[in-house]
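Worksheet for the structure shown next.
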Amino acid sequence: MNLQLLVPEGHLLESSLLDYQKAFGSQLSPSFYTDEKSAFEEIQKENFDLVAITDRLVYALQRQKLLAHLPIDKKLLPRVDHKFLYHYYDQSNHYCWPYGWTLLGIGFPKETGSKMYPTRWSELRSPLYTIDYPQDSLLKGLIIQSIDKTSLGKTSSFGGEKLVVQNKPTSPLPIRIDTISELLKTNEKEKKMIIYLPKEYSWITIFHWAIPRSAANIERIKESLLFLCSPQEQAAIISTNWLGAVSPDTYTMTPKYQRQSPLLYPPEAYLNQCRFFRIDDAYTDKKIRQPTG
């Protein structure tokens, strides 16, 4: 019997599907999504056996009681760095298990020839810039909400030069906001953007495997979960998608140039300042807070 999976576009490789079929004699049949809202709707109406979802979707689905407990002894799963476990959306990790993560970054087109790009989130409200938002409508909405809640001073400093932001420029400079994962994938071939993290902090997204409540073939699901969480398979997924590793064993299996990237692995002091887009706060219209745990 085939297992039906729902995963973000690019997060399940053809090589992984073939490896699974050779090892177990059955198939993983994936469906792909690019938008978290559409993924939420698909999980509500379709019978998937296993889903790959963000921390935001874990909270939203569990709020509707649409996830089942993980049917596996966590000691059998690869060791995971504690900073990726036990967060607000699943404080005991009963419902999800992480496999990769990424931060929110900014892409500035090299073709403009300008060095006046924003270094802080608050500067994005300036008329100096036009913003190209992510394709994902949920993430786009959360970014806009977060930018609106930041304060913007009367002036911004770029390399010591003061720019008055009240005077709208004749030609605003375009920038792109998206996850570092998506920005790096876009930039991989043509290198058209300068990609960077804002100075003060970023927003984190953690991807997880989870099981919809409607799933029935539990023994086969356990088998596939152990397979997909193995360091080899995790490394294949995160390397291809420019994600950070959650497991030390997986980290060592990724390319050296990715392990050395400060966009994927910024200094610990910076990472400690990073935040979740808190969906529980979004539901109650409270201020977005930093992660705990």
Side-chain angles (χ1 to χ4, degrees), residues 1-33 36 38-82 84-87 89-101 206-241 243 245-250 253:
M1 179 182 295
N2 295 348
L3 290 182
Q4 303 299 316
L5 276 63
L6 181 68
V7 299
E9 194 170 66
H11 283 217
L12 196 55
L13 311 183
E14 186 66 31
S15 59
S16 295
L17 300 178
L18 294 173
D19 288 346
Y20 182 83
Q21 186 174 8
K22 289 178 182 178
F24 302 105
S26 57
Q27 293 183 345
L28 300 176
S29 299
S31 297
F32 299 98
Y33 68 88
E36 291 182 53
S38 64
F40 181 81
E41 293 168 357
E42 286 293 309
I43 293 169
Q44 284 182 304
K45 66 183 181 181
E46 300 290 340
N47 292 324
F48 293 104
D49 297 295
L50 195 61
V51 294
I53 53 178
T54 65
D55 49 89
R56 300 178 286 272
L57 281 180
V58 172
Y59 178 83
L61 290 165
Q62 186 50 24
R63 191 171 184 265
Q64 299 294 324
K65 302 187 184 304
L66 292 175
L67 294 181
H69 279 197
L70 296 175
I72 197 167
D73 185 347
K74 296 171 190 174
K75 294 179 182 178
L76 299 176
L77 296 168
R79 182 166 54 101
V80 169
D81 190 306
H82 73 279
F84 301 110
L85 297 171
Y86 316 127
H87 290 293
Y89 50 89
D90 186 4
Q91 294 183 12
S92 299
N93 278 96
H94 285 322
Y95 299 98
C96 66
W97 199 251
Y99 69 86
W101 61 283
I206 304 180
F207 291 93
H208 307 77
W209 294 110
I211 302 169
R213 196 176 184 88
S214 59
N217 197 350
I218 298 302
E219 288 305 312
R220 187 62 60 81
I221 291 171
K222 288 168 62 176
E223 176 184 88
S224 64
L225 191 59
L226 283 170
F227 170 80
L228 292 167
C229 287
S230 68
Q232 295 87 347
E233 295 304 325
Q234 281 194 5
I237 293 171
I238 69 171
S239 298
T240 304
N241 291 280
L243 296 170
V246 299
S247 163
D249 295 333
T250 299
M253 294 184 179

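The aromatic ring centroids of His94 and Tyr86 lie 6.0 Å or more from each other.
Of all heavy-atom pairs spanning Cys96 and His208, the tightest one is SG-CD2, 3.5 Å. Val51 approaches Pro212 most closely through the heavy-atom pair CG1-CG, 3.9 Å. Summarising the geometry of Ala245 relative to Phe84, their closest heavy-atom pair is O-CE1, 4.0 Å, with the distance given to 0.1 Å. Across all non-hydrogen atoms, the minimal contact from Leu3 to Ser224 is CD1-OG, 3.4 Å. Considering all non-hydrogen atoms of both residues, Leu67 and Val58 come closest at CD1-O, 4.0 Å. Shortest non-hydrogen contact noted between Val246 and Pro98 is CG2-O, 3.6 Å.
Taking the side chain as every heavy atom from C-beta outward, Leu17 and Gln27 never approach each other to under 4.5 Å. Taking the side chain as every heavy atom from C-beta outward, Leu61 and Ile53 approach each other to under 4.5 Å. Between Gln21 and Ser26, the closest side-chain pair of non-hydrogen atoms is not below 4.5 Å. Annotation: side chain of Leu50 is not in contact with side chain of Leu28 (no heavy-atom distance under 4.5 Å). Looking at Phe207 and Trp101, their side chains never come closer than 4.5 Å, going by heavy atoms from C-beta outward. Looking at Asp90 and Tyr59, their side chains never come closer than 4.5 Å, going by heavy atoms from C-beta outward. At a threshold of 4.5 Å between non-hydrogen side-chain atoms, the residues Trp97 and Leu225 do not count as touching.
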Got a list of side-chain donor-acceptor pairs under 3.5 Å for residues 73-80, not counting sequence neighbours?
unit_1, atom_1, unit_2, atom_2, d
Asp73, OD1, Lys75, N, 3.0
Lys74, NZ, Ser92, O, 2.7
Lys74, NZ, Asn93, O, 2.7

Please tabulate, for the side chains in residues 6-14, all donor-acceptor contacts under 3.5 angstrom to protein atoms that are two or more places apart in sequence or on a different chain.
unit_1, atom_1, unit_2, atom_2, d
His11, ND1, Tyr99, OH, 2.7

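Note: Asn241 CG to Ile238 CD1 = 9.5 Å, rounded to the nearest 0.5 Å. Expressed to the nearest 0.5 Å, how far OH of Tyr95 lies from OH of Tyr89 amounts to 14.5 Å. In this structure, CD1 on Ile221 lies 9.0 Å from CG on Leu5, to the nearest 0.5 angstrom. In this structure, Gln232 CD and Ser16 OG are separated by 10.5 Å, a value rounded to the nearest 0.5 Å. Rounded to the nearest 0.5 angstrom, Glu223 CD and Asn217 CG are separated by 9.0 Å. Atom CG of residue Leu66 and atom CD1 of residue Ile43 lie 8.0 Å apart, to the nearest 0.5 angstrom.
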**Study point:** Ser247 and Gln234: CA distance, side-chain angles, deciding distance, side chain to side chain donor-acceptor pair (under 3.5 Å) verdict
**Key:** CA-CA 9 Å; Ser247 163; Gln234 281 194 5; 4.9 Å; no

Check your understanding: When you look at Gln4 and Asn47, which way does the side chain to side chain contact (heavy atoms under 4.5 Å, CB included) test go after all the steps?
Key -> CA-CA 8 Å; Gln4 303 299 316; Asn47 292 324; over 6 Å; no

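With Asp55 contributing its side chain and Ile206 its backbone, the two residues share a donor-acceptor pair below 3.5 Å. At distances below 3.5 Å, not a single donor-acceptor pair connects side-chain atoms of Thr240 with backbone N or O atoms of Ile237.
Contacts of Glu233 classified as salt bridge (Lys or Arg N to Asp or Glu O under 4.0 Å), with partners at least two apart in sequence or in another chain: none.
No hydrogens or angles considered: nothing links the side chains of Ser31 and Glu42 as a donor-acceptor pair under 3.5 Å.
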